[in-house]
Amino acid sequence: MKLSEIKTLDQFYEMADVQYQRTIRLADAINDPSKPIEYKQKASLIWHKSMTRVQKLISMYAKMNTETKKFPSGGIVNKSR
């Protein structure tokens, strides 16, 4: 599923959980001494891409949970004048 295809909160949580688990497994693969160096390098590249996706998900979550206020037009007015 692409990030742009997320329409509901349940889809978001599912996608976030999948991405987080992938990132953890990739980090474990990078730190595993029994794996060959080529495997670790490829896992590292994929881990960086996965972390970028996790950061986008965090940003989306923050935007979903931010309240917006309607301020009057005209900007800040000094009422003492």
Side-chain angles (χ1 to χ4, degrees):
M1 176 187 298
K2 294 181 181 180
L3 293 176
S4 61
E5 295 174 353
I6 296 174
K7 302 295 181 207
T8 66
L9 198 55
D10 289 336
Q11 289 176 332
F12 173 81
Y13 286 133
E14 181 183 345
M15 176 69 153
D17 187 47
V18 168
Q19 276 304 129
Y20 180 74
Q21 294 303 323
R22 281 183 189 164
T23 305
I24 295 297
R25 285 195 307 269
L26 286 166
D28 290 342
I30 293 168
N31 295 320
D32 189 359
S34 66
K35 303 285 183 189
I37 190 73
E38 295 84 11
Y39 185 89
K40 289 181 179 184
Q41 288 173 340
K42 186 159 185 158
S44 178
L45 291 173
I46 297 170
W47 179 82
H48 282 287
K49 289 179 183 179
S50 184
M51 279 303 296
T52 302
R53 252 183 151 189
V54 168
Q55 290 170 344
K56 286 180 184 177
L57 286 166
I58 291 169
S59 177
M60 285 174 65
Y61 185 75
K63 287 178 184 176
M64 288 188 311
N65 289 320
T66 302
E67 292 182 21
T68 57
K69 291 187 176 183
K70 299 257 181 187
F71 292 104
S73 61
I76 299 172
V77 177
N78 188 353
K79 292 187 176 183
S80 65
R81 289 186 182 184

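For A29 against Y39, the heavy-atom pair with the smallest separation is CB-CE2, 3.8 Å.
Considering OG1 of T23 and CG of D28, their distance stands at 11.0 Å, rounded to 0.5 Å. Rounding to the nearest 0.5 Å places CE of M51 at 9.5 Å from OH of Y20. The structure places OG of S50 at 10.0 Å from CD of Q55, a figure rounded to the nearest 0.5 Å.
If you chain together hydrophobic residues whose side chains sit under 4.5 Å apart, M64 and I58 never meet in one group. Linking Ile, Leu, Val, Met, Phe, Trp and Tyr residues whenever their side-chain heavy atoms come within less than 4.5 Å leaves I30 and I24 in two separate clusters. In the hydrophobic clustering of this structure, I37 does not group with L45; members are Ile, Leu, Val, Met, Phe, Trp, Tyr whose side-chain heavy atoms approach within less than 4.5 Å, directly or through other members.
Side chains of M60 and K63 form no contact here, defined as non-hydrogen atoms less than 4.5 Å apart. Put simply, the side chain of M15 reaches to within 4.5 Å of the side chain of R53, judged on heavy atoms.
Heavy atoms from other residues, nucleotides or ligands lying under 6.0 Å from NZ of K40 number more than 12.
Ring geometry, Y61 versus F12: the interplanar angle falls under 30°, so the pair is classed parallel (tilted spans 30 to 60°).
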